[in-house]
Amino acid sequence: MPNFRARLLAVLVVLCGLCGFLTAASAPSVAAAAFTDSLSFDGTPLTVSGGRFVDAGGREVVLRGYNVSGETKLAENSGLPFASVADAKKSATALRALGGGNSVRFLLSWAYAEPVKGQVDTAYLAAATAQMRAFLDAGIRVYPDFHQDLYSRYLFNSGSWYTGDGAPAWAVALGGYSAESCGICFVWGQNITQNGAVKAAQYDFWHNNYGLQDYFLATAQKTMAYIKANLTTEEFNGVLGFDPYNEPYAGTYDSGQASRTWEQNLLWPFYVKFRARMDAAGWTDKPALVEPNLFWNGNVSKEEGGLLDAGTLGSRYVFNTHFYDQKAISGILMWGNAADGQYVSDFGTVRDRASAAGTTAIVSEFGHPLNGSTAGKAPTVLKAMYQALDSRVKGASWWSTPAASGPVLSGSQWQWDIYNGRHHELMNGNADKVQTSGDGWNDEDLSAVRLDDSGTATLRQDARLLDRIYPSATAGTTVAFTYEDRSRDGSTTLTWNPVPSTLPNTAQLVGSGQYSVLVWRSNGATAPTELHLPASFPTASTTVVSDLGTVYGPPAYTTSTKIAAAAEPGGTGSRRLLLSTTDSGAVHYALVTNGATSPSATLLAAARSELAAWVASKVG
């Protein structure tokens, strides 16, 4: 989880456990019916191939969504993201329809999964799986994460300024840790490196003292076996993989050890063990989404890392990292707002590290506080982060060097908590410290959503920023992609990637509207390329200019329609643009905009001619 990890980004996962037997309910033997609004090519499992997520049809898949949810870190709903399955369904529908997400990182709690040493709580696993199913049935892919921050809430006394989450009480009791104290800590993340109890507990976990790691791995295996056994085949297809450990950190390094050798000697061997547990639980074909030392890419606190000595990760692992702008969150080290291209270098490093490791990447947490002294930076910081997920080229340079864009990165924003501002959390069990505001945890406030007084989910951030066009499935390989969302910072429209004057007809077509451009090389996949259509792109007034043709108001999808619109699977009302090709090795392009009103055939043809010449000169 993020927060004012500004100075010392915070968090370390805590998950420990050993054994204890679990008898999972038998799996349904009949595959579920197709999702509402699904088409023949929907619902296939994803794998990693050629440094990309790919579906069964060989399409390159991009995952965008949110973390669901920091509520798991609280006790008020017993370590579950939601109070009920009904709330989970409400959240899933809103996430798809309002937030534009096709995936979630689904938080789980080790403390509630194994409240008694060696005994897995199947009631907790059943409730978590039922809530997970609400997202899967809405057409949203899921990757679970046994979450932890500051190792455990049980390290903190009832009067503490801070709290943690993760490990069960019995795991803390084994260590007999001294009273926690962070000294002079202005933000909760400083506990990671300054709180003696937190550091000692982290150290014990990574060294498997008291068998802590063994207990955790056993519980993780039983959790995965339970999930697989209690989802239908189609539902399980929607489970991407598993994030073994949130924001790992050593606690204290051994004599002569540094961050890189800690990753090599302790962190990576743990992931290899977790990978074996996935295989034993029937998750052989799903990747482990492994995180490096949480400070490996910090822009204030920084330590060498990135799983540099793990060799080629390949298809069984995904390079999984977080990014928060510690300088921006600090309010001291970055005074102004973020600008065009602010994070293209940071996210370019993520792309490069994943490529060198022979796998794909996912940024499973990113965000910025929506309350507090630096909240005013959020509109520009988030825009710049999404821009960097889309392309490694800043807006001012994109049209001149589109081929340098690199792969479109998958990512999960922190966070999606419908209870934001409506919590009732007894901090560290203290009835005199009831947390109701923000995210209900260590003064964080990052949720993109909340419930209004009528119980309806509503966005807390600009919908133009969150509900974005992105290439959710590309029938080939993405060459270049950009999206100008025209999101707002107060009353100011942020336009970082205007169509250049050298393309006057295209610029006229787009006008002041939002637009995206996708350039891809086909690979013979029979299923179409898909782009998510935000709510701000009504089908009837969306314009598409492509080598496949020009369309104003795309028609309904058929197998013979090259440019068409269709509902996204899950019955949430969200929509997608489908671009069909049958060739292989050819370069295709599509501009999608909501800026035109009944454009003339002459203008569409002129824009198409411009774009064709631009692609030929810039991509070849």
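If you're wondering where the values come from, they're calculated on a predicted model, not measured in any experiment.
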How about N320 and Y143: does a side-chain donor come under 3.5 Å of a side-chain acceptor?
no

Check whether any side-chain N or O of T380 sits under 3.5 Å from a backbone N or O of A338 as a donor-acceptor pair, and report yes or no.
yes

May I ask you to test the F242-L108 pair for a side-chain heavy-atom distance under 4.5 Å?
yes

Please step through side-chain hydrogen bond (donor to acceptor under 3.5 Å, both in side chains) for the pair R105 and N246, ending with a clear verdict.
CA-CA 11 Å; R105 181 175 183 238; N246 178 67; 2.8 Å; yes

Got a donor-acceptor contact below 3.5 angstrom from the Q326 side chain to the S301 backbone?
yes

Y66 vs W416 aromatic rings, parallel, tilted or perpendicular, using cut-offs 30° and 60°?
tilted

Report the C-alpha distance between Q257 and Q264 in whole Å, list the side-chain angles of each, state the deciding distance to 0.1 Å, and finish with yes or no for side-chain hydrogen bond (donor to acceptor under 3.5 Å, both in side chains).
CA-CA 10 Å; Q257 189 180 61; Q264 180 181 21; over 6 Å; no

Between the side chains of W296 and T321, does any donor sit under 3.5 Å from an acceptor?
yes

Test your reading of the model: is there a side-chain donor-acceptor pair from D121 to the backbone of P115, 3.5 Å cut-off?
no

Looking at N157 and G159, would you say the former's side chain and the latter's main chain have a donor-acceptor pair under 3.5 Å?
yes

I'd like to know if the side chain of R450 and the backbone of S447 have a donor-acceptor N/O pair within less than 3.5 Å.
no

Side-chain touch I418/F82, heavy atoms, less than 4.5 angstrom:
yes

Partner of F53 under side-chain contact (heavy atoms from CB on, under 4.5 Å), picked from T47, T359, V318, is V318

For a side-chain contact (heavy atoms from CB on, under 4.5 Å) with D325, tell me which candidate from M334, K377, H368 qualifies.
M334

Decide whether H423 and D417 meet the rule of one side-chain donor and one side-chain acceptor closer than 3.5 Å.
yes

Is it the case that the side chain of R133 and the backbone of A128 share a donor-acceptor pair, with hydrogens and angles ignored and the cut-off at 3.5 Å?
no

Is it the case that the side chains of H424 and T436 hold a donor-acceptor pair, with the cut-off being a distance below 3.5 Å and no angle test?
no

Using only atom types and a distance under 3.5 Å, with no angle test, would you say the side chain of N208 pairs donor to acceptor with the backbone of Q213?
yes

CG of N67 to CH2 of W414, rounded to nearest 0.5 Å, is 5.0 Å

Would you say T223's side chain and T219's backbone share a donor-acceptor pair under 3.5 angstrom?
yes

How far does OG of S373 sit from CD1 of I332, to the nearest 0.5 angstrom?
8.5 Å

Side-chain heavy atoms of E71 within contact of L80, under 4.5 Å
no

Measure the OG1-CD distance between T193 and E303 for me, rounded to the nearest 0.5 Å.
8.5 Å

Under 3.5 Å, is there a donor on one side chain and an acceptor on the other for D439 and N420?
yes

Using the ring of each side chain (for Trp, its six-membered ring), is Y151 parallel, tilted or perpendicular to Y177, with breaks at 30° and 60°?
perpendicular

Can you tell if the side chain of R141 reaches within under 4.5 Å of the side chain of L136, non-hydrogen atoms only?
no

Look at the rings of W441 and W188 and say which category their plane angle falls in: under 30° parallel, 30 to 60° tilted, over 60° perpendicular.
perpendicular

Give a yes-or-no answer on whether the side chains of S412 and E365 include a donor-acceptor pair shorter than 3.5 Å.
no

Polar side chain donor-acceptor pair, H207 to N209, under 3.5 angstrom
no

If we ignore angles and hydrogens, is there a donor and acceptor under 3.5 Å between the side chains of Y203 and D254?
yes

Distance-only polar pair, side chains of S160 and N428, donor-acceptor under 3.5 Å
no

Do you see a donor-acceptor pair shorter than 3.5 Å between the side chains of N293 and Y249?
no

Under 6.0 Å from the ring centre and within 45 degrees of the ring axis: does the NZ or CZ of K228 meet both conditions for the six-membered ring of F236?
yes

In V48, V142, L63, the residue satisfying side-chain contact (heavy atoms from CB on, under 4.5 Å) with L240 is L63

Taking the inter-plane angle between the rings of W268 and Y271 on a 0 to 90° scale, is it parallel (under 30°), tilted (30 to 60°) or perpendicular (over 60°)?
perpendicular

Is there side-chain contact between F323 and L389, with heavy atoms separated by less than 4.5 Å?
no

In this structure, is the centre-to-centre distance between the rings of Y343 and Y386 below 6.0 Å?
no

Using modelled atom types and a 3.5 Å cut-off, is there a donor and acceptor pairing between side-chain atoms of N102 and backbone atoms of V62?
yes

Does either side chain, that of E60 or that of T478, offer a donor lying less than 3.5 Å from an acceptor on the other one?
yes

